[in-house]
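Structure record follows, encoded as structure tokens.
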Amino acid sequence: MRLSPRAAGIGESATLRVARRAGELRAQGVDIISLGAGEPDFRSPRVAEDAAVEALRDGFTRYTPAAGIEELREAIAGLYRERAGAPWGADQTIVTVGAKAALFELSLALFSDGDQVVVPSPYWVSYPEQIRFCGAEPVAVETRPEDGFRLRPEAVLEAVAPATRAVMLNSPSNPTGAVIGADDLEAIVAGCAERGVLVISDETYDRFVYDGLSFPSAARLATRYPETVVVVGSFSKTYAMTGWRLGYLLGPPALVRAVSKIQSHSTSNPTSFAMKGALAALRDGEVDVQAMIAEYQRRRDLVDRMLGEMKGVSCRPPEGAFYAFPEVASLYGDDCADSVAFAEHLLESARVAVVPGAAFGADRHVRLSFACSEETLRAGLERIAAAIAARLR
Ligand code: PMP
Ligand code: GLU
């Protein structure tokens, strides 16, 4: 088969590959514990299920406007106005088939050959792939575990060159859990605005921050920098609605129009009745979100405690999202020389699936998801501890 260079150059999503591998092994009867893909184990809010079923039964099963149904766009825009004083209305809001599609469509609308995009590292697996797919080059800005993966504004702005079209932010971060502080965020946005560079802020995990920390959304800066700030969000994590495939973006009018046209030729629109469910989640799902936040906090504390007891593993408690990103390189050896081999070793010897740090640009680490039940998490961590203890003997 002769594939386009574009298709030939793209790899399978590492997070989804781990999920697939764990599923295959399970199907063969192997007792696998998956701390791989970040997929909430919670049920979607009952209000969302009911509203979607009702819409489906009522025959709300036709195409909708390409950018999504007006009520949902208005509700999303309203949320950002209320929470962050953002200037956006429904006409600057697009509902997409997951945040992944929002990010992809943004890449298609903005990037082409020779462009550069600044991406803080460790980064979520799909950013570099999507950027390269559009012919552009991701430029990594390293953050370090010893600084709590803090992203320094000066480092970001130093990486901005004449070819830079955008800076891709992800706070709370997948995989590190780091949250960008309000002052750092403002310095990055102001510096980018001066240089005519967009800031795309992926806030998929915005509701999941721990220890009472508050989350500064880039939306707070959109009134001051309306041509610079783009926010991407998702229903997947906030409301445990991964399979519904609903996300969104808000940003400058010309960009939103371009994305809407791209969407009109790709997905047409997100699924009609799913959007009715999302609307109900947004209006009445807060109780469910609060319960999830409390549960994730408990799991975060458990992971932190159990990883802290493992020799050779170093991990700071993640501030947000639902991943731990321990440094494990001191456990590498001749038989197991990098994060891919180490993750493979855990799969074989401990029957626990984790994602190799290399997929996020950090080969000294592996990523563990704690979006699973406490029981699963505890059992998975016990197995990892036993496998590590055996390695050290
Ligand atoms: N951004 C980040 C940082 C993610 O971890 C994910 C995966 N959930 C996405 C975007 C995409 O989410 P979805 O397409 O399910 O909305
Ligand atoms: N975003 C989640 C993760 O990083 C789900 C898988 C994916 O969409 O890549 O595990």
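On a predicted model such as this, the values are computed, not experimentally measured, just so you know. Only this structure's heavy atoms are used, side chains among them; waters, hydrogens and symmetry mates stay out. Whatever order the structure lists ligands and atoms in, that order sets their numbers, starting from 1.
Among all protein heavy atoms, the one lying closest to atom 9 (O) of ligand 2 is Thr15 OG1, 2.6 Å. Annotation: atom 1 (N) of ligand 2 to nearest protein heavy atom, Lys237 NZ, 3.3 Å. The protein atom (non-hydrogen) at minimum distance from atom 1 (N) of ligand 1 is Asp202 OD2, 2.6 Å. Here the heavy atom of the protein found nearest to atom 5 (C) of ligand 2 is Gly38 O, 3.7 Å. For atom 9 (C) of ligand 1, the closest heavy atom belonging to the protein is Trp124 CH2, 3.4 Å. Of all protein heavy atoms, the one lying nearest to atom 8 (O) of ligand 2 is Lys100 NZ, 3.0 Å. Protein heavy atom at the shortest distance from atom 8 (N) of ligand 1 is Lys237 NZ, 2.1 Å.
Note: an N/O pair closer than 3.5 Å links Ser236 and ligand 1 by distance alone. Checked against a 3.5 angstrom limit, the closest N/O atoms of Leu16 and ligand 2 fall outside it. Polar contact with ligand 1: absent for Tyr127 (N/O pair, distance under 3.5 Å). For ligand 2, one of its N or O atoms has an N or O atom of Trp124 under 3.5 Å away. Below 3.5 Å of separation, one finds no N or O of Tyr323 facing any N or O of ligand 1.
Only the side chain of Asn170 comes within contact range of ligand 1, with a heavy atom under 4.0 Å; no backbone atom does. Of the heavy atoms in Tyr205, only side-chain atoms (C-beta onward) come closer than 4.0 Å to ligand 1. Contact annotation for Ala99 and ligand 1: heavy atoms of both the backbone and the side chain come within less than 4.0 Å of the ligand. Residue-level proximity to ligand 2 for Arg17 is absent, since no heavy atom of it falls below 4.0 angstrom. The part of Asn174 lying near ligand 2 is the side chain, judged by heavy-atom distances below 4.0 Å.
Taking a 4.0 Å cut-off on heavy atoms, Arg245 registers as neighbouring ligand 1. Put simply, no part of Gly247 is less than 4.0 Å from ligand 1, judged by heavy atoms.
Between His345 and Cys336, the shortest heavy-atom contact is CB-SG, 4.1 Å. Between Leu307 and Ala324, the shortest heavy-atom distance links the atoms CD1-CB, 3.8 Å. The nearest pair of heavy atoms linking Val209 to Pro172 is CG1-CG, 3.8 Å. Nearest heavy-atom pair across Lys237 and Phe322 is CD-CZ, 3.2 Å. Closest non-hydrogen pair, Val197 versus Ala166, comes out as CG1-CA, 3.6 Å.
Less than 4.0 angstrom separates some heavy atom of Ser234 from each of these atoms of ligand 1: 13 (P), 16 (O). Every atom of ligand 1 with a heavy atom of Asn174 under 4.0 Å away is listed here by number and element: 3 (C), 4 (C), 5 (O). Atoms of ligand 2 lying under 4.0 Å from any heavy atom of Ser13, numbered from 1 in the order shown and given with element: 9 (O). In summary, the atoms of ligand 2 found under 4.0 Å from a heavy atom of Tyr323, numbered by their order in the structure, are 2 (C), 3 (C), 4 (O), 10 (O). Every atom of ligand 1 with a heavy atom of Gly98 under 4.0 Å away is listed here by number and element: 14 (O), 16 (O).
Taking the side chain as every heavy atom from C-beta outward, Arg220 and Arg83 never approach each other to under 4.5 Å.
Between the Asp184 side chain and the Ile188 main chain, no donor and acceptor come within less than 3.5 Å of each other. In this structure, the side chain of Ser34 engages the main chain of Gly36 through a donor-acceptor pair within 3.5 Å.
A centroid separation of less than 6.0 Å is found between the aromatic rings of Phe42 and Tyr296. Aromatic rings from Phe133 and Phe104 are positioned such that their centres are separated by under 6.0 Å. Ring to ring, Tyr123 and Phe360 are not that close: their centroids are 6.0 angstrom or more apart.
Tyr210 and Asp301 form no side-chain donor-acceptor contact under 3.5 Å, judged by distance and modelled atom types alone. A donor and an acceptor atom, one from each side chain of Asn170 and Glu203, are nowhere located under 3.5 Å apart.
Residues Phe208 and Leu79 share a single hydrophobic cluster, defined by chaining ILVMFWY side chains whose heavy atoms lie under 4.5 Å apart.
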